[in-house]
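Structure first, then comments.
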Protein chains: 2
Amino acid sequence: MKDSTVVDLSAIRTTCQNCGLYQLCLPMGLEEGDMDRLDKVIKRRRKIEKGDHLYRMRDAFNTVYAIRSGSVKTYTSIENGAEQVTGFHLPGELLGLNAVSTKFHTDSAVALETASVCEIPFDRLEDLTREIPSMQHHMLHVMSEEIQSDHCQLMMIAKMPAEARLARFLLSLSMHFGNRGFSATEFNLSMSRNDIANLLGLAVETVSRLFSHFQDEGLLTVERKHIVIHDIDGLMDVTTKCPSQPLPNKKSSD
Amino acid sequence: MKDSTVVDLSAIRTTCQNCGLYQLCLPMGLEEGDMDRLDKVIKRRRKIEKGDHLYRMRDAFNTVYAIRSGSVKTYTSIENGAEQVTGFHLPGELLGLNAVSTKFHTDSAVALETASVCEIPFDRLEDLTREIPSMQHHMLHVMSEEIQSDHCQLMMIAKMPAEARLARFLLSLSMHFGNRGFSATEFNLSMSRNDIANLLGLAVETVSRLFSHFQDEGLLTVERKHIVIHDIDGLMDVTTKCPSQPLPNKKSSD
DNA sequence: CCACGTTCTTGATCTGGATCAATAGCGTAT
DNA sequence: ATACGCTATTGATCCAGATCAAGAACGTGG
């Protein structure tokens, strides 16, 4: 369904070099020779259908996944069966590294839509990491980025009101799409309202109401999964609407 | 300013081998020879007074810190001046690694009481990491642990009621003290109520009330900073008091 | 010693967002 | 088509925990 013509597929075998995502993904910053070595350990193009799991909590950890297309949700489940969404992941992102310390996964990863991923055996990756300095740096880089984004998420849930959380979520999606060459103002949500609510620590109903509210304000148009952002700056204003904030330079009315 | 006095400190110079924390800290799992190499790059025993900063947000990142004694709070500040506490850190913990991706710190670290830390230049550490496989693994280990604890924290703030959060916080402190050879049931809090509230995403008043409440229930005795836990199991029960939980075996009144 | 600032506790009130409830829009299997 | 299940929207009510307010306990410096 992807390359439907008669050409032989081996000739057009994808490599990191022609992946189009390589600047966002693992090979970022690698020299050509090193990229070839990486290429050799990667099992490419595993196809994943919506609802399929890349891995599940408690599975043994031996593979790292790079998303090529589609989107993936990660979540952890708690004793009592409740579920906490920890993130939505777009092409170019690396998944699974947080299991290094436990040797088994502490979260699950499920496709939100048809997706394709590259699989990288972790032990082979660790070898490479040792041999290629910039690769080592990159691994630490990826993990420290994750820590930072978690801190940000933490702060958001702990301190920001519901509307600011949703606004920030939408802006972050918009930015990611923009970075990947898609429209930053018009896109489809691959996740349900439920998943969004869960990620943001809100109830579904609240998310739904907020979408309607944003639409009433003229900030965006929402039709089910389809979003068109009309006023990025307006959304950013919402982001900073924290109760504890003095907001000295706004309107100057007082 | 490094080796200033006349007594010869070298005789009592601490090394990782005799640190007592080495099983919790960076040298964990290293062989003796490798530990010596690590020893050589570590600047030991920087003394930190209460309120002093190890580093501040936006500082250039070039050093990783290992806590030897005392305790340290990490926090990020948001645009508007609000502050989000991201963690309290006890002896044996490694600080600063999350700045790898940005090359500058995205959080600040301040001593909650007099503390001493080891400083490790990151570039030297990265070299070592490349040369000592188990060290490389350990670095990833430490970071993935941090990610997991952040996910846990996220879940807690997003899904658990106030009392469960405080109970979990106390149990986690208790466990950490226990692991370090101190009493798991009697200890002093080095952080203020304000800091606790901030970490847990609550108001100070709520934390204060919960302490009183726990005391009324006979779970613990609290006198300012001094805590004595009387009923660990009871506290654990509180931890699982989530509203979304069916709790079939509770009272059976309906 | 007392004065002043900080941190903590406790009580009274208020509110953002959860929960409950009902309906509407879609998807998809028969 | 029709029926069933799932997801989303919208309204009405409720409550956990925030906010406001007032003391009390402590620390620190004169």
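Proteins come first, then strands; the chains are lettered A, B, ... in the order of their sequence lines, and each starts at number 1. Being a predicted model, the structure only gives us computed values, none of them experimental.
- Judged as a ring-ring contact (aromatic ring centres under 6.0 Å, His included), and not counting sequence neighbours, the contacts of Tyr65(A) are Tyr55(A).
- When the side-chain hydrogen bond (donor to acceptor under 3.5 Å, both in side chains) test is applied to Glu49(B), the partners found at least two apart in sequence or on another chain are Thr114(B).
- In terms of phosphate contacts, Lys225(A) brings no side-chain nitrogen or oxygen within less than 4.0 Å of OP1 or OP2 of dT7(D).
- Taking five base pairs at each end of the helix from dC1(C)-dG30(D) to dT30(C)-dA1(D), the local helix axes there meet at an angle of 40°, rounded to 10°.
- No option in Glu83(A), Glu113(A), Glu93(A) other than Glu83(A) meets the salt bridge (charged side-chain N to carboxylate O under 4.0 Å, His left out) test with Lys73(A).
- Here dT9(D) presents its C1' atom at 13 Å from CG of Leu210(A), a figure rounded to the nearest Å.
- Remark: Ser144(B) pairs with Ser101(A) by the side-chain hydrogen bond (donor to acceptor under 3.5 Å, both in side chains) rule, at least two apart or across chains.
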Give the table of side-chain donor-acceptor pairs shorter than 3.5 Å for residues 200-219 of chain B, with sequence neighbours excluded, one pair per line with atom names and distance.
| unit_1 | atom_1 | unit_2 | atom_2 | d |
| --- | --- | --- | --- | --- |
| Ser212(B) | OG | Ser208(B) | O | 3.2 |
| Gln215(B) | OE1 | Val222(B) | N | 2.9 |

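- Under the rule for a side chain to side chain contact (heavy atoms under 4.5 Å, CB included), the partners of Ser108(A) that lie at least two apart in sequence or sit in another chain are His53(A), Arg56(A), Met57(A), Tyr75(A).
- Near-neighbour residues of DNA chain C inside residues 188-207 of chain B, defined by a heavy atom below 4.0 Å, number-ordered: Ser192(B), Arg193(B), Asn194(B), Glu205(B).
- In terms of the side-chain hydrogen bond (donor to acceptor under 3.5 Å, both in side chains) criterion, residue partners of Glu119(B) (sequence neighbours excluded) are, by chain and number, Arg46(B).
- Whole-Å rounding puts the Phe211(A) CZ to dT7(D) P distance at 16 Å.
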Contacts under 3.5 angstrom, residues 180-188 of chain B side chains, donor-acceptor by atom type, not counting sequence neighbours:
| unit_1 | atom_1 | unit_2 | atom_2 | d |
| --- | --- | --- | --- | --- |
| Arg180(B) | NE | Pro91(B) | O | 2.5 |
| Arg180(B) | NH1 | His176(B) | O | 3.2 |
| Arg180(B) | NH1 | His176(B) | ND1 | 3.3 |
| Arg180(B) | NH2 | Pro91(B) | O | 2.9 |
| Ser183(B) | OG | Thr185(B) | N | 3.1 |
| Ser183(B) | OG | Thr185(B) | OG1 | 3.3 |
| Ser183(B) | OG | Glu186(B) | N | 3.0 |
| Glu186(B) | OE2 | His226(B) | NE2 | 2.9 |
| Asn188(B) | OD1 | His226(B) | ND1 | 3.1 |

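- One interatomic measurement links the two molecules: NZ of Lys159(A) to C1' of dG16(C), which rounds to 17 Å at whole-angstrom precision.
- Under the side-chain hydrogen bond (donor to acceptor under 3.5 Å, both in side chains) criterion, Arg224(A) pairs with no residue, sequence neighbours left out.
- Glu163(A) places its CD atom 13 Å from the P atom of dA18(C), with the value rounded to the nearest Å.
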Give me the distances for all protein-to-nucleotides 26-28 of chain D N/O pairs that come in under 3.5 Å?
none

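- On a pure distance criterion of 3.5 Å, no polar donor-acceptor pair joins the side chain of Arg209(A) and the base of dG16(C).
- Under the side chain to side chain contact (heavy atoms under 4.5 Å, CB included) criterion, Ser192(A) pairs with Asn194(A), Asp195(A), Lys225(A), not counting sequence neighbours.
- The CG-P distance, from Leu166(A) to dG16(C), rounds to 17 Å in whole Å.
- In this structure, CD1 of Ile157(A) is placed 15 Å from P of dG17(D), rounded to the nearest angstrom.
- The nearest whole Å value for the distance from the CG atom in Asp216(A) to the P atom in dG11(D) is 10 Å.
- Using modelled atom types, one side-chain atom of Thr86(B) and one backbone atom of Thr74(B) make a donor-acceptor pair closer than 3.5 Å.
- The distance between atom NE2 of His213(A) and atom C1' of dT9(D), rounded to the nearest whole Å, is 16 Å.
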